[in-house]
Amino acid sequence: MLSILIPVYNYSILRLVTDLHHQALEAMIDFEIIVMEDGEMPLTKVNAVIGKFDHCQHIVLPQNIGRSAIRNKLADTAKYEHLLFMDGDAELFLPNYLSKYIPFCKEECVVIGGTAYDSKEHNP
């Protein structure tokens with residue numbers, strides 16, 4: 001049903017994947033989570049534990065291929081028809097994020113959004 005695809009570049013995503021994994025199990029859906037690291041970096045070893053979770057893959061590319069290419073590679077690797085792309089630095093603010101997302105998984109449907117930014121953060 002749902003492939004959750006997360007490109008990563010030198011960022012610890014253990015919390016994000018743990019939260020997504022828990023929510024997907026609670027939703028009782030067919031799912032996979034694929035984390036793809038864009039080249040070997042210091043935090044790659046921290047994220048390696050993700051590969052031990054049920055329904056999860058942790059893939060480390062031998063070299064950096066860039067933002068667009070890694071997303072295309074993730075889509076090619078996915079086994080389910082619905083793709084949920086998440087940035088590696090994302091956080092889940094809702095304990096039912098996936099159960100709210102799943103009803104939108106329909107044929108020929110694209111869902112965009114769900115991003116919130118910290119109003120105190122000022123990135124020029």
Enclosure of Phe104 CZ (heavy-atom neighbours >12, cutoff 6.0 Å): no
Mutual orientation of the aromatic rings belonging to Phe31 and His21 [parallel < 30°, tilted 30-60°, perpendicular > 60°]: perpendicular
ILVMFWY network linking Phe85 to Ile65, side-chain heavy atoms under 4.5 angstrom: yes
Nearest-0.5 Å distance, CD1 of residue Ile4 to NE2 of residue His55: 11.0 Å
Any side-chain heavy-atom pair of Phe53 and Val17 under 4.5 Å: yes
OG1-CD1 distance between Thr44 and Ile59, expressed to the nearest 0.5 angstrom: 13.0 Å
Atom of Asn47, atom of Ser12 and distance for their closest heavy-atom approach: OD1-CA, 3.4 Å
Joint cluster assignment, Leu14 & Met41, ILVMFWY side-chain distance < 4.5 Å: no
Distance-minimising heavy-atom pair for Gly51 and His58: N-CB, 3.8 Å
Heavy-atom side-chain proximity of Ile6 to Leu20 below 4.5 angstrom: yes
Leu98 vs Leu84 side-chain heavy atoms within contact, under 4.5 Å: yes
Min side-chain heavy-atom separation Met86-Leu92 under 4.5 Å: yes
Sole residue of Ile34, Val35, Ile70, Thr77 in side chain to side chain contact (heavy atoms under 4.5 Å, CB included) with Leu5: Ile34
Closest heavy-atom pair and its distance - Glu32, Lys79: OE2-N, 2.7 Å
Closest non-hydrogen atom pair between Leu16 and Asp87, with its separation: CD2-O, 3.7 Å
Spacing of CG belonging to Asp38 relative to CG belonging to Leu61, to within rounding of 0.5 Å: 6.0 Å
Residue pair Glu40 / Val60: nearest heavy atoms and the distance that separates them: OE1-CG1, 3.7 Å
Close side-chain approach of Met36 and Gln57, heavy atoms under 4.5 Å: no
4.5 Å side-chain heavy-atom contact, Met1 and Ile102: yes
Side-chain heavy-atom pair Pro7, Leu74 within 4.5 angstrom cut-off: yes
ILVMFWY network linking Leu94 to Leu2, side-chain heavy atoms under 4.5 angstrom: yes
More than 12 heavy atoms of other groups within 6.0 Å of Tyr101 OH: yes
Nearest non-hydrogen partners of Tyr80 and Ser3, listed with the distance: N-OG, 3.1 Å
Nearest-0.5 Å distance that lies between atom OG1 in Thr18 and atom NE2 in His22: 10.5 Å
